[in-house]
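Below: the structure, in structure tokens.
We count residues from 1, following the sequence as given. Predicted model, so just to flag it, every value in this text is computed and none were measured.
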Amino acid sequence: MTAPIRFPRFFVTSPAPCPYLPGRQERKVFTELKGEHADQLNEALGRIGFRRSQTVAYRPSCLDCQACVSVRVAASEFKPSSTQKRDLKRNRDLVVTECRPWATDEQFELLTKYLSVRHPDGGMSAMDEMDYADMVEHTPVTSSLVEYREPTVNGEPGKLIGACLTDRQGDGLSMIYSFYDPEHTARAGLGNYIILDHISRARETGLPYVYLGYWVDGSPRMQYKVRYRPLEQLTRDGWKRMDSDQQSKLIAEATAPRAEKAGTIGGRRGKDGQPVKFPAS
């Protein structure tokens, strides 16, 4: 006899201040990823808008707001813009290595620098070495840590200037969390390059999508995600291609000079609302 299928148990967090939109409350539904079928469960949940944090899959479940929208790039159809072509050219000499999900002091130092500059008020800024190790190493699914290093003349590992914790799913790469040196003056567009590299890696391996997490209309910190064409968004009727004119408008708003942007808010969490802890299930 085959063992009966065990469906996951879902839980809901208590309301908390929204990390994206001031004056709003957020709530998440989550379940634990464990066992021999964790990869399949994570992939199935990813297709309906869940994200992974350590051994937990979660998605927003707010009572009066649907601003968080899951988005993914159609890798095989992606065409870089002029700016993205410059980012690719500027950083094409970087040495990219896909490593096992194992935390190092070098990675943690880079993360600390990134958070101190980009998200100084975020909850992740309080992470210590053990918190970071938990984020990277506590994975029940197929994951890797992609490192981006400066080239060297002697072939030895160069300076680490970027990294991304990435899950491999059956239909694409899910970028869980990326970070980089935000003060590297010779590497403008480094954050964009990491996304562009993942799009290339997905296409080269025959994977159709790169999952970018949640795009939040009205949150300046999340607008970079609309720059990648074609972009698909998860709707009540499933995944739909974002209207080209709508995306062009959003890109224009996202790339407008910083002084013209209104309503920017300080991050109360890390980028993409990455949670560090969930209630015990």
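- Counting heavy atoms of neighbouring residues, nucleotides and ligands inside a 6.0 Å radius, atom CG of Asp128 exceeds 12 of them.
- The minimum heavy-atom distance between Leu231 and Lys225, with the atom names listed, is CD2-O, 3.6 Å.
- Expressed to the nearest 0.5 Å, how far CE of Met127 lies from CE of Met135 amounts to 4.5 Å.
- In this structure, Pro182 and Arg118 have side chains that are in contact, with non-hydrogen atoms separated by less than 4.5 Å.
- The backbone N or O of Asp167 sits nowhere less than 3.5 Å from a side-chain atom of Ser174 that would complete a donor-acceptor pair.
- Scanning both residues, Cys164 and Ile194, for their nearest heavy atoms gives CB-CG2, 4.0 Å.
- Summarising the geometry, atom CG belonging to Asp197 is positioned 14.5 Å from atom CZ belonging to Arg92; distances are rounded to the nearest 0.5 Å.
- With hydrogens and angles left out, the side-chain atoms of Glu98 and Ser144 include a donor and acceptor closer than 3.5 Å.
- Cation-pi contact between Arg72 and Trp239: present, with separation from the ring centre below 6.0 Å and deviation from the ring axis of at most 45°.
- Following chains of ILVMFWY side-chain contacts shorter than 4.5 Å, one can reach Met175 starting from Val136, so the two form part of one hydrophobic cluster.
- Cluster membership for Leu173 and Val146, using ILVMFWY side-chain heavy atoms within less than 4.5 angstrom, is not shared.
- Here Asp134 contributes atom CG and Thr139 contributes atom OG1; the two are 12.5 Å apart, rounded to the nearest 0.5 Å.
- Between the side chains of Glu137 and Gln54, no donor N or O sits under 3.5 Å from an acceptor N or O.
- Of the possible polar contacts, one joining the Thr235 side chain to the Asp237 backbone as a donor-acceptor pair under 3.5 Å is found.
- To the nearest 0.5 angstrom, Phe179 atom CZ is 8.5 Å from Leu165 atom CG.
- Leu207 has its side chain out of reach of Asp171: every pair of non-hydrogen atoms, C-beta onward, lies at least 4.5 Å apart.
- Asn192 and Tyr228 form a side-chain donor-acceptor contact under 3.5 Å, judged by distance and modelled atom types alone.
- Note that CG of Asp181 and CG of Leu110 are 6.5 Å apart. Values are rounded to the nearest 0.5 Å.
- Summarising the geometry of Leu21 relative to Cys65, their closest heavy-atom pair is CD1-SG, 4.5 Å, with the distance given to 0.1 Å.
- In this structure, Ile176 and Thr166 have side chains that are not in contact, with every pair of non-hydrogen atoms separated by 4.5 Å or more.
- Using a cut-off of 4.0 Å between Lys/Arg side-chain N and Asp/Glu carboxylate O, Glu106 and Lys159 are scored as not salt-bridged.
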List the steps and the verdict of side chain to side chain contact (heavy atoms under 4.5 Å, CB included) for Glu43 and Leu41. CA-CA 5 Å; Glu43 180 176 341; Leu41 177 59; over 6 Å; no

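- Distance alone, capped at 3.5 Å, is enough to place a donor-acceptor pair between the Arg90 side chain and the Ala188 backbone.
- For the pair Ser219 (side chain) and Val216 (backbone), a donor-acceptor distance under 3.5 Å is absent.
- Side-chain heavy atoms closer than 4.5 Å link hydrophobic residues (I, L, V, M, F, W, Y) into clusters, and following such links, even through other members, never connects Val69 to Leu45.
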How far apart are the C-alpha atoms of Lys28 and Phe11, what are their side-chain angles, what is the distance that settles it, and do they pass the side chain to side chain contact (heavy atoms under 4.5 Å, CB included) test? CA-CA 8 Å; Lys28 292 186 175 74; Phe11 306 87; over 6 Å; no

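- Under the 3.5 Å distance criterion, with hydrogens and angles disregarded, no donor-acceptor pair is assigned to the side chains of Tyr211 and Arg47.
- For Asp93 and Arg187, the salt-bridge test passes: some basic side-chain N is under 4.0 Å from an acidic carboxylate O.
- Taking the charged nitrogens against the carboxylate oxygens, Arg24 and Glu26 have no contact shorter than 4.0 Å, which rules out a salt bridge.
- Under the 30°/60° scheme for interplanar angles, the aromatic rings of His198 and Tyr148 are found to be tilted.
- Phe10 and Leu234 end up in different hydrophobic clusters when Ile, Leu, Val, Met, Phe, Trp and Tyr side chains are linked at under 4.5 Å.
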In sequence, state the C-alpha distance, the side-chain angles, and the governing distance for Ser143 and Arg100, and then conclude on side-chain hydrogen bond (donor to acceptor under 3.5 Å, both in side chains). CA-CA 7 Å; Ser143 304; Arg100 63 174 180 154; over 6 Å; no

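- Summarising the geometry of Pro140 relative to Arg52, their closest heavy-atom pair is CD-NH1, 4.4 Å, with the distance given to 0.1 Å.
- Note that the OG1 atom of Thr185 and the CD atom of Glu183 stand 10.0 Å from one another [nearest 0.5 Å].
- Between Ser70 and Arg59, the side chains place no donor N or O within less than 3.5 Å of an acceptor N or O (distance only, hydrogens not considered).
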Chi angles and distances behind the side chain to side chain contact (heavy atoms under 4.5 Å, CB included) call for Asn42, Gln169: CA-CA 8 Å; Asn42 185 50; Gln169 301 176 179; 4.0 Å; yes

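- Here the side chains of Val210 and Phe78 are not in contact, with every heavy-atom distance at 4.5 Å or above.
- Using a 4.5 Å cut-off on side-chain heavy atoms (C-beta onward), Leu94 and Tyr193 make contact.
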Any chance you could lay out the side chain to side chain contact (heavy atoms under 4.5 Å, CB included) test for Ile161 and Leu190, step after step, and finish with the verdict? CA-CA 9 Å; Ile161 61 172; Leu190 185 55; 4.1 Å; yes

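- With contacts defined as side-chain heavy-atom distances shorter than 4.5 Å, the pair Glu232/Tyr209 qualifies.
- Here the closest non-hydrogen pair linking Ile199 and Val73 is CD1-CG1, 3.9 Å.
- Residues Gln66 and Cys62 are not in side-chain contact: their nearest non-hydrogen atoms beyond the backbone lie 4.5 Å or more apart.
- In this structure the side chain of Val71 never reaches within 4.5 angstrom of the side chain of Tyr214, judged on heavy atoms.
- Ring geometry for Tyr177 against Tyr114 counts as perpendicular: the plane angle is over 60°, on a 0 to 90° scale with 30° as the lower cut.
- When every heavy atom of Asp131 is checked against every heavy atom of Ala126, the shortest pair comes out as OD2-O, 4.2 Å.
- Between the side chain of Thr152 and the backbone N or O of Glu156 there is at least one donor-acceptor pair closer than 3.5 Å.
- Of the residues listed (Gln247, Lys79, Gln84, Arg241), the one engaging Arg229 in a side chain to side chain contact (heavy atoms under 4.5 Å, CB included) is Gln247, and it is the only one.
- Val141 and Leu212 end up in different hydrophobic clusters when Ile, Leu, Val, Met, Phe, Trp and Tyr side chains are linked at under 4.5 Å.
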